[in-house]
Amino acid sequence: MTVDLLHNTVRTYAWGSRTAIAELLGREVPTPHPEAELWMGAHPGDPSRITGPDGEPQSLLALLADDPDGQLGAPHADRWGSRLPFLLKVLAADEPLSLQAHPSAEQAANGFAAEDAAGVPMDSPIRNYKDPSAKPELICALTEFHALAGFRDPARTVALLRSLDVPDFAPYVELLAAQPDAGGLRALFTTLITLPQTALDMLLPQVLDACVLHVKEHGEFDLECRTILELGEAYPGDAGVLAALLLNRLVLRPGEAIYLPAGNLHAYLHGTGVEILANSDNVLRCGLTPKHVDVPELLRVLDFDCGDMPVQTGEETTPGLWSYRTPCPEFELSRIEVGPSTHVRVDHSGPQILLCTRGQARLTCGDDTVELARGQSVWLPARDPEVIVTAEVDTQLFRATPGVE
């Protein structure tokens, strides 16, 4: 068996947690700096490493380049070359991330080519497209997880905005009330995100004052108003605070997940989750960030379809294994639950990464076994035969694979 323990990189961003990832990895808390993401995969920026035959660490990126057919399987190597199509993360947010969306494959390819033709350097802060690939993603909650995602049903948004009763905001509210559909959302969003700063500086404090009153009076939209107040405090004078009024406010329980396709406007607010995404760096930001915001390009990418955001709990595809279905060829995420009286068979025609998030698992292939503690992950190349997962205590793992087409 060629199951290899992965040695992974922790990324430190200001919005990260000083406890969540360290606790998962069995390290002391709090950490000196916020830790935001644990990366597992073969992203060129921070590829995982395995211990090679000579005992020296070897990059997973190099391993795939040396043996794409054996590691990825011939069908996946034919499609992706030596590139692992997905990246698996543990994401831990103590503060909100930027309000953002990701392009489709066609949009990414066109945008990348246009910026190349214009001579925009790859490391330029105004570069939108780092590669020609789409970046759909799925996040599954490990703890209670808070997010903004997708445009809310316009009728509900009109009810929220009218409940704030801000006279200077009324013309904007009626813009959506007169056209309560995707077109109306586009018109209102475009108006809000392009407000002159002087107008924004007058309107935003009034909206925030109205949110304070709504919370004090225990109004219907208490959670939404609390969120706007938190964002307004963290990002004063930012148009993204008003844009956030148009989005679904979600609270995911552990094991619940949301899929974020191309064009979905979203922001993770707080919590820890397992995230899987296509192996791309393309992000178009809307606000809640000091980084570059390209409004015309964002509007070209955004999807203004609206309604409740679907929340998945996973479909039990084999005993003990729940899959979170998406249309993405790049990835599929599954959750494995195993205990003293059960076992789970793990098999796939392509490569797999297994991450233990609770308990301790034993992976068995023939006479060989590998012990996997909480926070550890393994690489299973496509050429590996079936692996049996067992445990002596209640154990949870997540499995990343290419998508099933």
Is the backbone N or O of Leu288 less than 3.5 Å from a side-chain atom of Asp238, with the two atoms forming a donor-acceptor pair by type? yes

Applying the side chain to side chain contact (heavy atoms under 4.5 Å, CB included) criterion to Leu355, which one of Leu397, Leu372, Val90 satisfies it? Val90

Are Asp131 and Ser280 close enough that some pair of their side-chain heavy atoms sits under 4.5 Å apart? yes

More than 12 heavy atoms from other groups under 6.0 Å of CD on Glu392: no

Flag the pair Leu223 / Val251 as yes when at least one side-chain heavy-atom distance between them is below 4.5 Å, and no otherwise. yes

Are the side chains of Leu185 and Pro154 in contact, using a 4.5 Å heavy-atom criterion? yes

Step-by-step salt bridge (Lys or Arg N to Asp or Glu O under 4.0 Å) determination, Lys216 to Asp222: CA-CA 9 Å; Lys216 285 182 178 179; Asp222 179 272; over 6 Å; no

Heavy-atom check, side chain of Val344 versus side chain of Pro319, under 4.5 Å: no

Kindly determine whether Glu297 and Tyr129 satisfy side-chain hydrogen bond (donor to acceptor under 3.5 Å, both in side chains), including the steps that lead there. CA-CA 11 Å; Glu297 190 64 17; Tyr129 296 95; 2.5 Å; yes

Audit row: Glu224, Arg226, salt bridge (Lys or Arg N to Asp or Glu O under 4.0 Å) steps and yes/no: CA-CA 6 Å; Glu224 289 83 353; Arg226 287 179 185 274; over 6 Å; no

Report yes or no: does Thr190 contribute a side-chain atom to a donor-acceptor pair with the main-chain N or O of Ala187 at less than 3.5 Å? no

Output, in order, the C-alpha distance, side-chain angles, deciding distance and verdict of side-chain hydrogen bond (donor to acceptor under 3.5 Å, both in side chains) for Asn282 and Asn128. CA-CA 7 Å; Asn282 289 323; Asn128 293 314; over 6 Å; no

Heavy atoms from other residues, nucleotides or ligands near NE2 of His33 exceed 12 (cutoff 6.0 Å): no

Contact between Asn248 and Leu148 at the side-chain level, heavy atoms closer than 4.5 Å - yes or no? no

Can you find a heavy atom in the side chain of Gln71 that is under 4.5 Å from one in the side chain of Leu84? no

Could you tell me whether the side chain of Leu242 reaches within less than 4.5 Å of the side chain of Leu200, counting heavy atoms only? yes

Can you tell me if Thr143 uses its side chain to pair, donor with acceptor, with the backbone of Thr272 under 3.5 Å? yes

Any side-chain heavy-atom pair of Pro351 and Pro381 under 4.5 Å: no

Pairing of Asp67 and Arg383 as salt bridge, 4.0 angstrom limit: yes

Are side-chain N/O atoms of Thr364 and Thr369 paired as donor and acceptor at under 3.5 Å? no

For Glu106, does the CD atom sit with more than 12 other heavy atoms under 6.0 Å from it, leaving out its own atoms? no

Do Thr313 and Trp322 pass the side chain to side chain contact (heavy atoms under 4.5 Å, CB included) test, and can you show the C-alpha distance, the side-chain angles, and the key distance before you say yes or no? CA-CA 8 Å; Thr313 55; Trp322 285 262; over 6 Å; no

Side-chain donor-acceptor pair present, Gln100, Arg285, cut-off under 3.5 Å: no

Go through it in stages, so that I can follow the logic: the residues are Arg11 and Tyr13, the test is side-chain hydrogen bond (donor to acceptor under 3.5 Å, both in side chains), and I'd like the CA-CA distance, side-chain angles, deciding distance and then a yes or no. CA-CA 6 Å; Arg11 288 215 159 188; Tyr13 303 127; 2.9 Å; yes

Between Thr12 and Glu35, is any side-chain donor less than 3.5 angstrom from a side-chain acceptor? no

How about CD on Gln197, more than 12 heavy atoms from neighbouring residues, nucleotides or ligands closer than 6.0 Å, or not? yes

Check the angle between the aromatic planes of His43 and Trp39 and answer parallel, tilted or perpendicular using the 30° and 60° thresholds. perpendicular

Quick one: is the NZ or CZ of Arg186 closer than 6.0 Å to the six-membered ring centre of Phe151, and within 45° of its axis? no

Does the side-chain hydrogen bond (donor to acceptor under 3.5 Å, both in side chains) test come out yes or no for Thr395 and Arg358, once each step is laid out? CA-CA 5 Å; Thr395 295; Arg358 186 177 68 239; over 6 Å; no

Locate the shortest heavy-atom distance separating Pro236 from Glu233; write the atom from each residue and the value. CD-O, 3.7 Å

If you measure only the distance, is there a donor-acceptor pair under 3.5 Å linking the side chains of Glu144 and His270? no

Kindly give the heavy-atom pair with the smallest separation between Ile258 and Pro310, and that separation in Å. CG2-O, 3.6 Å

Glu330 vs Arg79, salt bridge (Lys or Arg N to Asp or Glu O under 4.0 Å): CA-CA, chis, key distance, verdict: CA-CA 10 Å; Glu330 293 92 347; Arg79 175 161 189 170; over 6 Å; no

So Cys140 and Tyr324, side chain to side chain contact (heavy atoms under 4.5 Å, CB included) or not? Walk me through it. CA-CA 9 Å; Cys140 182; Tyr324 297 89; 3.4 Å; yes

Quick check against the 3.5 Å criterion: does Arg374 have a side-chain atom that pairs as donor or acceptor with the backbone of Glu23? yes

How are the rings of Phe221 and His214 set relative to one another: parallel (under 30°), tilted (30 to 60°) or perpendicular (over 60°)? tilted

Test Arg152 against Asp308 for salt bridge (Lys or Arg N to Asp or Glu O under 4.0 Å), laying out the working first. CA-CA 6 Å; Arg152 187 190 301 106; Asp308 293 340; over 6 Å; no

Are Arg325 and Glu315 within salt-bridge range, i.e. N to O under 4.0 Å? yes

Where the side chain of Arg83 meets the backbone of Leu64, is there a donor-acceptor pair that is under 3.5 Å apart? no

Step by step, work out the side chain to side chain contact (heavy atoms under 4.5 Å, CB included) result for Thr31 and Thr19. CA-CA 7 Å; Thr31 56; Thr19 58; over 6 Å; no

Determine, for Lys89 against Asp46, whether the closest basic-nitrogen to carboxylate-oxygen distance falls under 4.0 angstrom. no

Side chain to side chain contact (heavy atoms under 4.5 Å, CB included) between Leu277 and Leu260, intermediate numbers included: CA-CA 9 Å; Leu277 59 151; Leu260 303 163; over 6 Å; no

Does Ser163 reach the main-chain N or O of Leu160 with its side chain, forming a donor-acceptor pair under 3.5 Å? yes

Using the rule side chain to side chain contact (heavy atoms under 4.5 Å, CB included), only one of Leu87, Val378, Leu380, Leu88 pairs with Ile353; which is it? Leu88

May I ask you to check whether Thr227 and Arg249 show a side-chain donor-acceptor distance below 3.5 Å? yes

